[in-house]
Amino acid sequence: MIQKIAIIALVLLNIGCDQVSKNMVRNNIDASEQIELVGKNFILTKVENSGAMLGFGSELSPILKLIFLQALPVLVLLVLLFRILRRSDMNKWLVFAFACVIGGGIGNLIDRIAYGEVTDFFHIDLGGYFKTGIFNMADVSVTMGVILILFLSIRYRKLEL
């Protein structure tokens, strides 16, 4: 029971961090305003993304957006959440990773359902070495979770969900 509460708390923590940060950006940053946090390397801006990662799917018809960017992700995230809540023998780091993926995914789904688009606001540019698209805290949670899942799958060679 305590593990289930911890899982739900982790998911809610991810959703909360994402939604609070997006609300701060929506309320305090003008569209396409650029605020240099660490020189030109780490920039805070505001972009509304009607697609998925890096705008993928933004040109889809409204019905396809509903299916691929809302309905299908809701189904997948609910199945994942149900599965990790049912299992009591999962590796704690794997549980943490899936909670990050689920919480981040739900954070972006809240935006898509409530606003029709997702607020993105971070941009990293390390010159010719590394450059990202514009992203948000939900994307950080999902990416961190997926990297951890991949690391654990390589390290332990067998993941059961």
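Across all their heavy atoms, Cys100 and Met144 have their closest contact at SG-CE, 3.5 Å. Closest approach of Gln3 to Arg87, counting heavy atoms only: NE2-O, 4.0 Å. Closest of all the heavy-atom pairs between Ser21 and Asp18 is OG-O, 2.8 Å. Nearest heavy atom pair, residue Gln70 against residue Pro73, reads O-CD, 3.4 Å. In terms of heavy atoms, Gly103 sits closest to Asn14 at CA-CB, 3.8 Å. The minimum heavy-atom distance linking Gly104 with Ser141 is given by the pair CA-CB, 4.0 Å.
The ring pair (Phe, Tyr, Trp, His ring centres under 6.0 Å) analysis of residues 6-38, with sequence neighbours excluded, yields no pairs. Residue pairs meeting the ring pair (Phe, Tyr, Trp, His ring centres under 6.0 Å) criterion with at least one partner in residues 2-31, sequence neighbours excluded, are absent.
The line from OG of Ser50 to NZ of Lys65 is 3.5 Å long, rounded to the nearest 0.5 Å. The CD1 atom of Ile15 sits 10.5 Å away from the CD1 atom of Ile8 when rounded to the nearest 0.5 Å. Atoms CG and CG, on Leu72 and Leu64 in that order, are 12.0 Å from each other to the nearest 0.5 Å. A distance of 8.0 Å separates CD1 in Ile106 from CG in Leu12, rounded to the nearest 0.5 Å. For the atom pair Leu85 CG and Leu80 CG, the distance stands at 10.5 Å (nearest 0.5 Å). Note: Phe98 CZ to Leu152 CG = 9.5 Å, rounded to the nearest 0.5 Å.
With side-chain heavy atoms closer than 4.5 Å counting as contact, directly or through intermediates, Ile2 stands alone and belongs to no larger hydrophobic cluster.
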Next on the checklist: For Ile35 and Ile43: C-alpha separation, side-chain torsions, deciding distance, then whether side chain to side chain contact (heavy atoms under 4.5 Å, CB included) applies.
Outcome noted: CA-CA 6 Å; Ile35 300 169; Ile43 296 169; 5.9 Å; no
Next on the checklist: Between Met90 and Ile84, does the side chain to side chain contact (heavy atoms under 4.5 Å, CB included) criterion hold? Intermediate values first, please.
Outcome noted: CA-CA 8 Å; Met90 284 180 67; Ile84 67 168; 3.9 Å; yes
Next on the checklist: Could you walk me through whether Glu117 and Asn49 satisfy the side chain to side chain contact (heavy atoms under 4.5 Å, CB included) test, starting with their C-alpha distance in whole Å, then the side-chain angles of each, then the deciding distance to 0.1 Å, before giving a yes or no?
Outcome noted: CA-CA 5 Å; Glu117 52 196 9; Asn49 181 358; 5.7 Å; no
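A donor-acceptor contact closer than 3.5 angstrom is absent between the side chains of Thr45 and Glu33. Under 3.5 Å, the side chains of Asn41 and Asp125 contain no donor-acceptor pair of N or O atoms.
The residue from Lys46, Met24, Gln34 that alone fulfils the side-chain contact (heavy atoms from CB on, under 4.5 Å) condition with Ile29 is Lys46.
Between Lys22 and Asp111 a salt bridge is recorded (basic side-chain N to carboxylate O distance below 4.0 Å).
Panel note: side chain His123, backbone Leu44; no donor-acceptor pair is recorded below 3.5 Å. Without hydrogens or angle criteria, Asp139 side chain to Phe135 main chain gives no donor-acceptor distance under 3.5 Å.
Under the 4.5 Å side-chain heavy-atom criterion for grouping Ile, Leu, Val, Met, Phe, Trp and Tyr, Phe151 is connected to Leu10 within one hydrophobic cluster. Val20 and Ile110 are assigned to two separate hydrophobic clusters, defined by single-linkage of ILVMFWY side chains at heavy-atom distances under 4.5 Å. Side-chain heavy atoms closer than 4.5 Å link hydrophobic residues (I, L, V, M, F, W, Y) into clusters, and following such links, possibly through other members, connects Trp93 to Leu81. In the hydrophobic clustering of this structure, Leu77 groups with Ile149; members are Ile, Leu, Val, Met, Phe, Trp, Tyr whose side-chain heavy atoms approach within less than 4.5 Å, directly or through other members. Val142 and Val118 fall into different hydrophobic clusters, where Ile, Leu, Val, Met, Phe, Trp and Tyr side chains are chained together by heavy-atom contacts under 4.5 Å.
The closest side-chain heavy-atom distance from Lys131 to Ile124 is not below 4.5 Å. Between Asn136 and Val140, the closest side-chain pair of non-hydrogen atoms is not below 4.5 Å. Proximity of Leu66 to Ile63: side-chain heavy atoms (C-beta onward) are separated by under 4.5 Å at one or more points. The closest side-chain heavy-atom distance from Phe96 to Ile7 is not below 4.5 Å.
In this structure, Arg26 satisfies the cation-pi test against Tyr115, with its NZ or CZ atom closer than 6.0 Å to the six-membered ring centre and inside 45 degrees of the ring normal.
Between Phe42 and Phe122, the ring planes lie parallel to each other; the angle is under 30°, not in the 30° to 60° tilted range.
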